[in-house]
Amino acid sequence: MSANPLAPGWLVHPDDANALDARVWPRGARRDADGALTLAGVRAAELAREFGTPLYVLDEDDALGRAAEIRDAFAAAFPDGSRVYYAGKAFLSIEVARWMADAGLGIDVASGGELAVALAAGVDPARLGLHGNNKSSSEIDRAVGVGVGAIVLDSVVEVERVAEAARRHGVVQDVRLRINSGVHASTHEYLATAREDQKFGIPIADAAEVVAGIRDRPELRFLGLHSHIGSQIFESAGFGEAARRLLELHAALLTGGDVPELNLGGGFGIAYTGADEVVPIATIAAELARVVTGECARLGIPVPRIAIEPGRVVIGPSTVTLYEVGTIKDVLVTADNGGSAVRRYVSVDGGMSDNVRPALYAADYTVRIANRRSDADPALVRVAGKHCESGDIVVRADYLPGDVRPGDLLAVPATGAYCWSLASNYNYLGRPAVVAVKDGAARAIVRRETEDDLLSRDLAPRSDRRSRA
């Protein structure tokens with residue numbers, strides 16, 4: 001059967017709409033002898049029966065393995081020293097924070113709430129970094145008070161705010177300065193964070209004056225510069241160019257004192273579909289090492305300790321979201337070639353409340369039937385959510401077996417990053433549970449929200465009609 005003319009150019013018509021592309025799915029994903037999807041040895045259908053849907057399923061060994069691979073790749077590439085911080089904004093829970101700490105990673109937090117989760121997990125505060133372009137005075141005070149290892153200063157105003165907090169607590173606080181390098185990362189406009197017209201960081205031209213102000217305050221110790229050029233980046237050139245620009249500044253700052261570290265941030269891309277060409281982390285680490293060592297040799301300066309902050313690349317590929325199919329609707333649509341074709345809308349029991357990335361970034365995902373295998377011819381589908389929004393799309397385009405039907409279980413891979421963390425209660429849907437799977441066993445690490453949870457903050461007296469309904 002030929003490809004549907006409504007399919008985007010990157011989407012290949014599959015020979016087998018049941019196949020699991022290893023580039024996209026967790027390493028523990030398989031189809032068993034009956035054709036059902038298993039995750040770390042647990043049947044997806046069993047997970048759905050026990051925990052309900054929608055459901056985030058996190059492969060523990062996959063996440064830990066990716067964390068260790070990144071740690072080891074940068075340790076090998078930078079023998080003079082490296083630090084890896086897990087970017088908690090991608091997904092953070094008490095259990096995941098403990099996994100990252102056990103893997104030898106620090107944790108980057110971007111709010112008082114994320115800090116609270118890391119502390120509740122028992123992570124040593126010295127292994128935490130605090131980010132944010134508008135950290136509140138109370139967030140800064142708490143971070144300094146508990147002994148957070150480093151605070152990233154994002155504006156001139158924060159220099160004095162952090163210094164004041166350090167004076168109150170009688171400590172010297174380590175700080176980094178976030179620099180807007182001007183490097184234009186190849187990514188979605190909302191994911192590029194180093195362009196000139198941007199809320200993050202200090203322009204390179206202003207950095208020397210700000211660093212001088214930091215060094216004038218005895219309550220602060222300047223660790224070095226910080227850069228983050230964006231997210232979901234598939235090439236290493238942008239990271240290398242940012243490193244070159246920051247090292248020029250780094251070298252100039254050495255004339256005024258120590259600069260032990262250079263933090264190059266994160267943003268490494270992952271595969272959401274088979275069309276995504278991902279650069280291996282080891283390749284990125286080696287390329288960055290080549291640039292950094294070469295530039296340091298040219299500038300005649302020592303190689304600083306290199307820090308990075310991966311999040312998506314650790315947790316994104318490790319997670320699958322499960323949904324149940326509710327309704328199916330075939331829509332006749334005019335194609336670009338002037339003809340017409342059918343797009344099959346498959347609606348599920350979740351949507352933009354558990355994955356807003358397609359609506360926010362036009363992100364593409366992959367989908368497969370999870371409860372069975374089918375030999376039916378592939379049909380182009382659009383997986384839609386249940387919310388009252390036409391933009392409520394989970395998977396914009398993929399092929400499923402043409403006999404997909406109500407009651408089927410669908411699995412969408414690569415949903416570990418920015419799906420749960422951006423989840424909402426739109427239309428008063430409770431946020432899904434998060435379940436960890438390992439060695440054929442499953443356990444909930446974040447429970448599903450209930451109607452009582454949704455009503456718990458509403459202070460108006462309740463009617464008894466709800467109980468009689």
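The residues of the chain are indexed from 1 along the displayed sequence.
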Atom CG of Asp354 and atom CG of Leu55: how far apart are they, to the nearest 0.5 Å? 10.5 Å
For residues 94-104, run the donor-acceptor check on the side chains, cut-off 3.5 Å, and write out each pair with its distance to 0.1 Å, sequence neighbours left out.
{"unit_1": "Glu95", "atom_1": "OE2", "unit_2": "Trp99", "atom_2": "NE1", "d": "3.3"}
{"unit_1": "Glu95", "atom_1": "OE2", "unit_2": "Arg443", "atom_2": "NH2", "d": "2.4"}
{"unit_1": "Arg98", "atom_1": "NE", "unit_2": "Ala121", "atom_2": "O", "d": "3.1"}

With rounding to the nearest 0.5 angstrom, report the OG to CD distance, Ser353 to Glu389. 11.5 Å
Flag if over 12 foreign heavy atoms under 6.0 Å of NZ, Lys438: yes
Intermediate values then yes/no, salt bridge (Lys or Arg N to Asp or Glu O under 4.0 Å), Arg298 and Glu248: CA-CA 10 Å; Arg298 182 181 69 82; Glu248 289 274 1; 2.6 Å; yes
Establish, for the pair Arg71 and Tyr86, whether the NZ or CZ atom is under 6.0 angstrom from the six-membered ring centre and no further than 45 degrees off its axis. no
Quick check: Tyr418 with Phe91 (ring centres under 6.0 Å apart)? no
Suppose we screen for side-chain hydrogen bond (donor to acceptor under 3.5 Å, both in side chains). Which residues come up paired with Asp21, at least two apart in sequence or across chains? Arg23
Just how far is it from atom CZ of Arg431 to atom CG of Asn425, taken to the nearest 0.5 Å? 5.0 Å
Partner residues of Tyr345 under the ring pair (Phe, Tyr, Trp, His ring centres under 6.0 Å) criterion, sequence neighbours left out: none
Between CG of Leu249 and CD1 of Ile202, what distance do you get to the nearest 0.5 Å? 11.5 Å
Mark yes when over 12 heavy atoms from residues, nucleotides or ligands other than Asn427 sit less than 6.0 Å from its CG; otherwise mark no. yes
Are Glu164 and Arg161 within salt-bridge range, i.e. N to O under 4.0 Å? no
Can a salt bridge be assigned to the pair Arg27 and Glu69 using a cut-off of 4.0 Å between side-chain N and carboxylate O? yes
Answer yes or no: does atom CG of Asp15 have more than 12 heavy-atom neighbours from other residues, nucleotides or ligands under 6.0 Å? no
Can we call the ring centroids of His131 and His228 under 6.0 Å apart? no
First locate atom CH2 of Trp420, then atom OG of Ser93, and finally report the distance between them rounded to the nearest 0.5 Å. 7.0 Å
I'd like to know if Lys89 pairs up with Glu114 as an ion pair, taking the criterion as any Lys NZ or Arg NE/NH1/NH2 lying under 4.0 Å from an Asp or Glu carboxylate oxygen. no
Salt bridge or not for Arg167 and Glu160, using N-O below 4.0 Å? yes
Look up atom CD in Gln173 and atom CG in Leu130, then write down how far apart they are to the nearest 0.5 Å. 9.0 Å
Please lay out, stage by stage, how Arg382 and Asp398 fare under the test salt bridge (Lys or Arg N to Asp or Glu O under 4.0 Å). CA-CA 7 Å; Arg382 175 165 287 175; Asp398 202 355; over 6 Å; no
One pair to check against side-chain contact (heavy atoms from CB on, under 4.5 Å): Asp364 and Trp10. What are the steps and the verdict? CA-CA 11 Å; Asp364 288 306; Trp10 57 263; 3.6 Å; yes
